[in-house]
Protein chains: 2
Amino acid sequence: MALIVQKFGGTSVGDIERIKNVAKKVKATRDVGNDVVVVVSAMSGNTDYLINLGKQITPNPDKREMDMLVSTGEQISIALLAIALNDIGAKAISFNAMQVGIKTTSDYTKAKILDINTERIRKALQEGYIVVIAGFQGVDEKFNITTLGRGGSDTTAVAVAAALKADRCDIYTDVDGVYSADPRIVPHAKKYDVITFDEMLELASLGAKVLHDRSVMFAMKYNVPLRVLSTFVENEGTLIVKEYKGMENMVVSGIAKKTDEVRISIVGVPDKPGIAANIFQRLAEHKINVNMIVQSVGHDGKSEISFTVLATDLADAKNVMKTVQEEIGASAVEYDENIGIVSVVGIGMKTTFGVAAAVFEELAKNGINIEMISTSEIKISVVIKKELADEAVQVLHARFIG
Amino acid sequence: MALIVQKFGGTSVGDIERIKNVAKKVKATRDVGNDVVVVVSAMSGNTDYLINLGKQITPNPDKREMDMLVSTGEQISIALLAIALNDIGAKAISFNAMQVGIKTTSDYTKAKILDINTERIRKALQEGYIVVIAGFQGVDEKFNITTLGRGGSDTTAVAVAAALKADRCDIYTDVDGVYSADPRIVPHAKKYDVITFDEMLELASLGAKVLHDRSVMFAMKYNVPLRVLSTFVENEGTLIVKEYKGMENMVVSGIAKKTDEVRISIVGVPDKPGIAANIFQRLAEHKINVNMIVQSVGHDGKSEISFTVLATDLADAKNVMKTVQEEIGASAVEYDENIGIVSVVGIGMKTTFGVAAAVFEELAKNGINIEMISTSEIKISVVIKKELADEAVQVLHARFIG
């Protein structure tokens with residue numbers, strides 16, 4: 001008998017019929033003798049509806065209260081799924097984060113999981129229940145409700161699987177696996193049966209919206225076997241593991257696109273040590289995550305620093321940058337909301353030369369201008385104009401994958 | 001500086017504009033130097049929406065899970081009100097029942113409050129917060145979420161006021177006070193400045209939907225001064241107290257109507273001791289509240305027992321009665337859903353003879369047939385045909401009040 005954690009996203013529980021369908025899937029897993037813990041997101045659209053309610057009152061609602069508000073979405077889903085399970089004879093009980101003790105930091109709207117108290121889950125499993133847990137939410141040490149930020153339900157599922165030492169964590173979603181590119185952009189994109197955590201991590205953090213990056217990091221850290229599969233199509237999906245045979249053969253495994261970030265450039269920066277640290281410390285203090293960072297070589301004692309942040313953090317970032325600009329005496333701060341980030345990812349790049357050069361060549365050949373470049377061992381990312389992002393994905397896919 | 005508990009019902013927080021309006025009222029009370037605790041219901045319509053979601057899955061959803069589901073309604077309201085308060089510069093913090101420790105029995109969908117832990121509320125008040133608390137919900141000793149049943153937010157407000165030893169509990173609603181009859185039925189009904197707990201209790205339990213009866217009992221037990229007033233109209237409303245000068249002068253203070261109950265009659269009951277006890281014990285075991293009970297004098301060793309229950313409990317009651325009928329060997333059980341209960345209430349009835357006779361005479365004169373009668377020291381209730389209930393209220397109001 002295995003212990004399996006199953007996670008269902010917002011689309012999978014989007015209406016009553018779909019919730020009933022999920023209940024059948026969960027019951028089938030239970031009926032063959034497994035212990036089952038289910039993590040559920042809010043019904044699709046509900047989180048946006050709730051956020052909008054708060055923003056109708058004020059553009060900058062109190063963040064603690066927003067988490068109080070938004071966390072109701074998952075509580076509705078877990079109750080409905082437990083009702084549907086009990087209705088078809090599968091004994092089930094739902095718990096919100098407070099009941100199950102999903103302890104997080106106090107960073108409202110983007111809290112991080114610190115610890116999960118598995119006592120109540122284990123007890124319910126021993127009593128024969130299917131345990132249904134609210135994703136996305138947590139509770140801080142003062143018993144305030146927090147949320148993990150967008151995609152946080154994946155993180156909840158993996159964290160629960162890690163805490164319970166589950167045999168597998170199955171992430172059910174509206175795609176049937178991990179592809180070499182978004183099939184809506186590249187119709188003949190390849191679906192992988194197996195992929196590494198490293199590759200998935202780069203793909204996830206770069207816009208392949210199959211899995212939330214934090215959830216993949218969690219799974220990698222605790223070595224939780226992860227499977228991505230569709231709620232709607234019956235197939236095995238994609239297994240995500242530490243390493244697998246044959247992975248060296250594939251130079252590039254995926255092309256990802258991201259269009260939800262903005263570029264910020266601070267120009268005329270005095271070329272002194274500590275300036276960059278000052279900027280990014282300030283942003284971190286305001287809980288603004290920075291993705292790509294590029295600093296140009298200084299000349300005339302001045303340099304330029306460019307970086308990207310989530311578009312949703314732009315208003316906060318502008319406030320921070322205003323102060324920073326004055327303090328360091330930079331000449332200007334520029335903002336560009338019309339950007340796309342396209343990334344080429346592959347474990348094989350570690351041992352294959354010339355991939356970066358080939359990326360730049362391919363884009364140049366197609367008249368796509370590169371504004372920023374950032375690379376890691378297994379990834380090359382470029383910032384280009386937003387409207388050229390789909391074309392860039394297509395030409396790079398054709399060049400490296402087919 | 002007084003400590004005031006304010007309760008706002010679903011209509012008062014029915015949309016964003018109304019929530020902003022409530023925030024202004026609460027802030028005004030705080031600005032004159034009072035400590036303020038606010039108890040809020042779900043936005044009007046939301047509870048029904050949530051119940052309907054559950055019932056779309058199955059007509060008999062698991063009750064624990066229904067409470068998990070329905071309790072989200074109040075959590076949304078408290079978050080939105082706290083957002084609105086903070087937005088206008090009134091420091092506010094919201095708590096759900098779990099955070100504030102509103103301990104109840106485990107009777108899902110109709111739990112009773114056992115205890116309220118005031119520590120977190122007092123601490124927040126000391127820190128200068130307006131404290132916004134979710135009405136209607138609680139948590140049992142195993143940390144499961146419960147709800148108090150319809151109108152439970154009033155009970156939460158009074159229980160919080162009692163636990164905090166508040167100076168007053170103001171119940172804001174969509175009517176501007178307590179009337180001698182529903183003004184929609186009797187347009188010239190009299191609004192009272194002051195009324196006793198006893199009278200309010202009889203009126204509340206008999207269909208004057210101003211206050212939930214359990215909340216009045218709570219207020220009476222702990223002697224919490226209660227005020228009913230409108231969220232929308234500026235006036236002093238009605239104060240509800242233990243006793244007041246001049247109350248002896250008023251024989252009848254109100255005429256109430258109730259149309260949400262059904263009559264159950266069990267006929268051909270063997271006239272033996274313990275039979276009635278058996279029936280009502282069984283109903284109590286299934287958490288079915290019985291209102292009026294009438295047992296006819298037996299003849300030929302057989303008698304008849306009639307009683308009323310809430311229409312929403314009818315399905316449950318039918319199941320119980322099936323078993324009971326077999327056990328006691330009664331000949332039949334009859335159900336009548338077409339009933340209205342009209343009640344005449346007044347402290348003065350304690351010392352005035354002939355009120356009952358006058359009630360029966362007035363109804364007879366108007367051709368209204370009485371099916372059941374039940375009386376207390378300060379109340380006379382009759383069961384009549386549902387469609388005659390409004391007329392009965394009108395003729396009795398004309399006879400006793402004007």
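Below, chain A is the first sequence line, B the second, and so on; all start at residue 1.
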Taking every non-hydrogen atom, the tightest pair across A:Ile83 and B:Pro61: CG2-CB, 3.7 Å
Can you pull out the donor-acceptor contacts between chain A and chain B, under 3.5 Å, including backbone atoms?
from     : atom 1 : to       : atom 2 : distance (Å)
A:Thr58  : OG1    : B:Asp87  : OD1    : 3.1
A:Arg64  : NH1    : B:Ser94  : O      : 2.9
A:Arg64  : NH2    : B:Ser94  : O      : 3.0
A:Glu65  : OE1    : B:Ser94  : OG     : 2.5
A:Glu65  : OE2    : B:Ser94  : N      : 3.0
A:Met68  : O      : B:Gln75  : NE2    : 2.9
A:Ser71  : OG     : B:Gln75  : NE2    : 3.1
A:Gln75  : NE2    : B:Met68  : O      : 3.0
A:Gln75  : NE2    : B:Ser71  : OG     : 3.1
A:Asp87  : OD1    : B:Thr58  : OG1    : 3.1
A:Ser94  : N      : B:Glu65  : OE2    : 3.0
A:Ser94  : O      : B:Arg64  : NH1    : 2.9
A:Ser94  : O      : B:Arg64  : NH2    : 3.0
A:Ser94  : OG     : B:Glu65  : OE1    : 2.5
A:Gln99  : NE2    : B:Phe143 : O      : 2.8
A:Arg120 : NH1    : B:Lys142 : O      : 2.9
A:Arg120 : NH2    : B:Lys142 : O      : 3.2
A:Arg120 : NH2    : B:Asn144 : OD1    : 2.8
A:Lys142 : O      : B:Arg120 : NH1    : 2.9
A:Lys142 : O      : B:Arg120 : NH2    : 3.2
A:Phe143 : O      : B:Gln99  : NE2    : 2.8
A:Asn144 : OD1    : B:Arg120 : NH2    : 2.9

Atom group of B:Ala92 that falls short of 4.5 Å from chain A, counting heavy atoms: backbone
Looking only at non-hydrogen atoms, find the nearest pair between A:Ile57 and B:Ala84 and report the distance. CG2-CA, 3.6 Å
B:Leu53 versus chain A, the contacting section by heavy-atom distance below 4.5 Å: both
Heavy-atom cut-off 4.5 Å, strictly under: side chain, backbone, both or neither for A:Ile76 against chain B? both
Who among B:Val132, B:Ile93, B:Ile19, B:Leu50 has the most heavy-atom pairs with chain A under 4.5 Å? B:Ile93
Across all chains, not counting sequence neighbours, the side chain to side chain contact (heavy atoms under 4.5 Å, CB included) partners of A:Val5 are A:Val37, A:Val39, A:Ala157, A:Val160, A:Ala161, A:Ala166, A:Cys169
Which region of B:Leu81, side chain (C-beta onward) or backbone (N, CA, C, O), has a non-hydrogen atom less than 4.5 Å from a non-hydrogen atom of chain A, or is it both or neither? neither
